[in-house]
Amino acid sequence: MNQSMQDLFCDTVEAPAGAPFRGVTLVVDGAELCAVDFLGYEERMHRLLARRFSGYRLVRTPNPAGATDRLRAYFAGDIGALDVLPVKTGGTAFQSAAWLALRRIPSGTTATYREQAVRIGRPAAVRAVGAANGQNPIAIVLPCHRVIGADGSMTGYAGGVASKRWLLAHEAGSRKREAVDCPG
């Protein structure tokens with residue numbers, strides 16, 4: 001049986017100076033972003049991609065579907081740059097709902113796992129939301145870094161808690177700059 005390989009287009013984006021991570025790898029299936037993960041976490045990214053694609057080949061491509069430019073803009077301080085990127089999450093219906101709900105948490109702010117569970121209409125599914133967030137295939141763009149513990153703690157994050165703190169501070173700082181720069 002000949003199993004066909006799907007070409008997925010990938011690129012990398014360097015992290016800004018001071019970030020606790022080196023950068024990210026992004027993967028596009030042609031038109032939609034299907035993976036973003038931190039450099040050094042390629043094994044995790046491949047494991048998540050293998051669940052969704054029976055056979056795939058990563059093809060290095062500059063700026064696939066404009067995603068590289070959008071991530072660079074985000075790292076440069078345009079925190080809304082990622083909001084327009086189309087995504088293809090894969091996963092179960094529950095996981096997809098949990099992941100897509102992440103985009104409704106305003107940048108520079110946080111929500112608890114309970115608030116995220118309520119947001120998707122499953123208030124008792126707090127632990128399941130946490131488990132789904134841990135399998136989020138599109139880091140940063142689907143911002144699970146904005147979800148914190150009920151006590152305000154920086155709970156686990158696939159890219160590391162230092163990366164989570166940095167992303168939240170980056171977004172909060174960008175929101176403050178936007179407020180100052182906007183003519184009143």
Do [X] and [Y] have side chains that approach each other closer than 4.5 Å (heavy atoms only, starting at C-beta)?
X	Y	result
Val118	Tyr113	no
His170	Trp166	yes
Val141	Trp99	no
Thr68	Pro62	no
Leu102	His145	no
Arg146	Lys164	no
Leu168	Arg165	no
Arg122	Val129	no

Is Leu85 reachable from Ile79 through a run of I, L, V, M, F, W or Y residues, each pair having side-chain heavy atoms under 4.5 Å apart? yes

Quick check: is Met45 connected to Leu39 through a chain of hydrophobic side chains (ILVMFWY, heavy atoms under 4.5 Å apart)? no

Exactly one of Arg51, Arg47, Gln95 clears side chain to side chain donor-acceptor pair (under 3.5 Å) with Gln135, and that residue is Arg51

Where do Val87 and Leu100 land on the side-chain contact (heavy atoms from CB on, under 4.5 Å) test, with the steps shown first? CA-CA 9 Å; Val87 297; Leu100 294 174; 3.9 Å; yes

Taking atom types as modelled and ignoring hydrogens, do the side chains of Tyr56 and His46 form a donor-acceptor contact shorter than 3.5 angstrom? yes

Compute whether any side-chain donor of one residue and acceptor of the other, for Thr12 and Thr25, lie under 3.5 angstrom apart. no

Give the intermediate values and the outcome of side-chain contact (heavy atoms from CB on, under 4.5 Å) for residues Ile105 and Val147. CA-CA 9 Å; Ile105 304 169; Val147 182; 3.8 Å; yes

Hits for salt bridge (Lys or Arg N to Asp or Glu O under 4.0 Å) against Glu14, two or more places apart or cross-chain, chain-then-number order -> none

side-chain contact (heavy atoms from CB on, under 4.5 Å), that's the test. Do Lys88 and Leu33 meet it? Break it down for me. CA-CA 6 Å; Lys88 182 187 276 184; Leu33 195 59; over 6 Å; no

Can you tell me how far the CG atom of Asp78 sits from the CZ atom of Arg72, to the nearest 0.5 Å? 14.5 Å

Measuring from Tyr157:OH to Asn136:CG, what's the distance to the nearest 0.5 Å? 7.5 Å

Are Asp37 and Arg44 ion-paired here, with the side-chain N under 4.0 Å from a carboxylate O? yes

